[in-house]
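Inspection log for the structure reproduced underneath, given as structure tokens.
Since the model is a prediction, treat every value here as computed from it, not as a measurement. Within every chain, numbering begins at 1; the chains are lettered A, B, ... in the order of the sequence lines, protein sequences first and strands thereafter.
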Number of protein chains: 2
Amino acid sequence: MKQIDKRQQLVENALALFYAKGIHAVGINEVLAQSGVAKKTLYNHFASKEALIQACIIERDQRFITWFTQRCHDNSSLAVFVEHLFNALDDWINDRAIELGEFKGCFFVNTAAEYGEHTSEIKQLCMQHKIHIKKLFEKKLQPLIKDKVQRDSLTALLMLLKEGCINCAHVMGDKQAAITAKPLATAFIDKI
Amino acid sequence: MKQIDKRQQLVENALALFYAKGIHAVGINEVLAQSGVAKKTLYNHFASKEALIQACIIERDQRFITWFTQRCHDNSSLAVFVEHLFNALDDWINDRAIELGEFKGCFFVNTAAEYGEHTSEIKQLCMQHKIHIKKLFEKKLQPLIKDKVQRDSLTALLMLLKEGCINCAHVMGDKQAAITAKPLATAFIDKI
DNA sequence: GCACAAGTATACCGATCTGTCTATTATAAC
DNA sequence: GTTATAATAGACAGATCGGTATACTTGTGC
């Protein structure tokens, strides 16, 4: 089997375990057992557990952005875009998005929580993901709202509502959070 | 020194460490060194590390609710209430609320992230805190909005914006999140 | 002043963690 | 076919973890 395959196996299985249980709760040996890969192979591909974690964050970032971009593709109007956005979140929250695994909140929020130091590389990568999301919103809203102030305002609202409903769904167990958030966003765009 | 004092010392120091570094990143010995308490004393008060963690969650819940209640005391009008609410969050995010420690996001979100199983007692306690926050909002909005549908709608918006700006501030490093969120909430109440 | 409860300091136990090392087998390139 | 690379399984090291046990000291109530 090619090297890249083993590496990918490791990243995918590690990501699934880290997301389901948290980073510190999962040991290297558990990752190896789940992946069916020898320990030496892991350390041939990654210098340390930290390097594996970083690869998992990057993988999750790419996977989430890909999924989210597909689901929010249609920006033919503000109403349509917002509709699709919160429908996507609702599907994720209620485990109808298998690409993202069983819903356990935001992987980046969860991971950042386990690393106190702001300077840590891992926390920086988590921050990068949120910036990617913001840029995605900005890109999709660009053709829909000409006025920059209004556009930035809606971008901020969508960021806040997205983060809010993911965390309310996860910690409060409010599985209706995305459905609740949707009309709050549409009420805002109706004024534009 | 009285028993209660030692117990309180342990909870306060453990809470500070857990919040700053994450639960699994802090060992019992570190808590003991920071508290200046012997190991046997800890296990005289708590059956296990898990029991100490639970006590920390309850302590944080009480402390946060107390602080938040004080800061959002004035509900003479919707505008005033919202103003105070987001000013309080802004103070916390920018480390002007010493009672809450150096800002590291929501302790309950962070803690829940480290426990994958939904059935775990710790995750249940985190959920309880969010319910306490929601009830606080409902109580303060009760005399201000008579229509239940509108009141529930604003409660939901405030919950989502609060969670949203705490997590955007923490993970994205957007220290202006609360200031950004405020006008989004006031835009909503202007319609009522 | 005595007895008992509680705290201190520290050694220790078994488990688990990350990471290394050895020895062997499979695979791919030429 | 030979050779170099990569994978395997697993023992092992060194550190750290949560939790227990021991021996001693302090403090409090009657």
Any idea which of D/dT8, C/dT18, C/dT8 is nearest the A/I28 side chain?
-> C/dT18
So does B/K6 get a side-chain nitrogen or oxygen closer than 4.0 Å to the phosphate oxygens (OP1/OP2) of C/dG7?
-> no
Of the listed D/dT8, D/dG19, C/dA9, the closest approach to the A/A38 side chain comes from D/dT8
Whole Å only: how far is the CZ atom of B/R7 from the P atom of C/dA6?
-> 14 Å
Regarding the side chain of B/K40, the nearest nucleotide among C/dG19, D/dA21, D/dT8 is D/dA21
For the residue pair A/W92 and A/F68, is the inter-centroid distance of their aromatic rings smaller than 6.0 Å?
-> no
Polar pair under 3.5 Å, donor/acceptor by atom type, side chain A/K39, base D/dG10 | no
Once the angle between the rings of A/F108 and A/H129 is folded into 0 to 90°, is it parallel (under 30°), tilted (30 to 60°) or perpendicular (over 60°)?
-> parallel
Base, sugar-phosphate, or nothing: which does B/V31 touch, judged by heavy atoms less than 4.0 Å apart?
-> nothing
Compare all side-chain heavy atoms of A/L78 with those of A/L154 and state whether any distance is below 4.5 angstrom.
-> yes
Whole angstrom is fine here: how far is it from CG in B/L17 over to P in D/dC17?
-> 12 Å
Write down the distance between CD (A/E30) and C1' (C/dT18), rounded to a whole number of angstrom.
-> 14 Å
Is the shortest side-chain N/O distance from B/S48 to OP1 or OP2 of D/dG18 below 4.0 Å?
-> no
Rounded to whole angstrom units, what separation is found between the CG atom of B/L42 and the C1' atom of D/dT20?
-> 13 Å
Rounded to the nearest angstrom, tell me the gap between atom CG in A/N29 and atom C1' in D/dA11.
-> 12 Å
Send over the distance from A/K49 NZ to C/dG19 C1', rounded to a whole Å.
-> 12 Å
Which of D/dG18, C/dT18, C/dG7 is nearest the side chain of A/Y43? It is C/dT18
Report yes if a side-chain nitrogen or oxygen of B/H45 is closer than 4.0 Å to either non-bridging phosphate oxygen (OP1 or OP2) of C/dA6; otherwise report no.
-> no
Salt-bridged, B/R71 to B/D91, with N to O below 4.0 Å?
-> yes
Which nucleotide in C/dT8, D/dG18, C/dA6 has an atom nearest any side-chain atom of B/N44 = C/dA6
Taking the side chain as C-beta and beyond, is there a heavy-atom pair between B/F86 and B/L89 under 4.5 Å?
-> yes
Separation of C/dG7 P from B/F46 CZ (nearest whole Å) | 11 Å
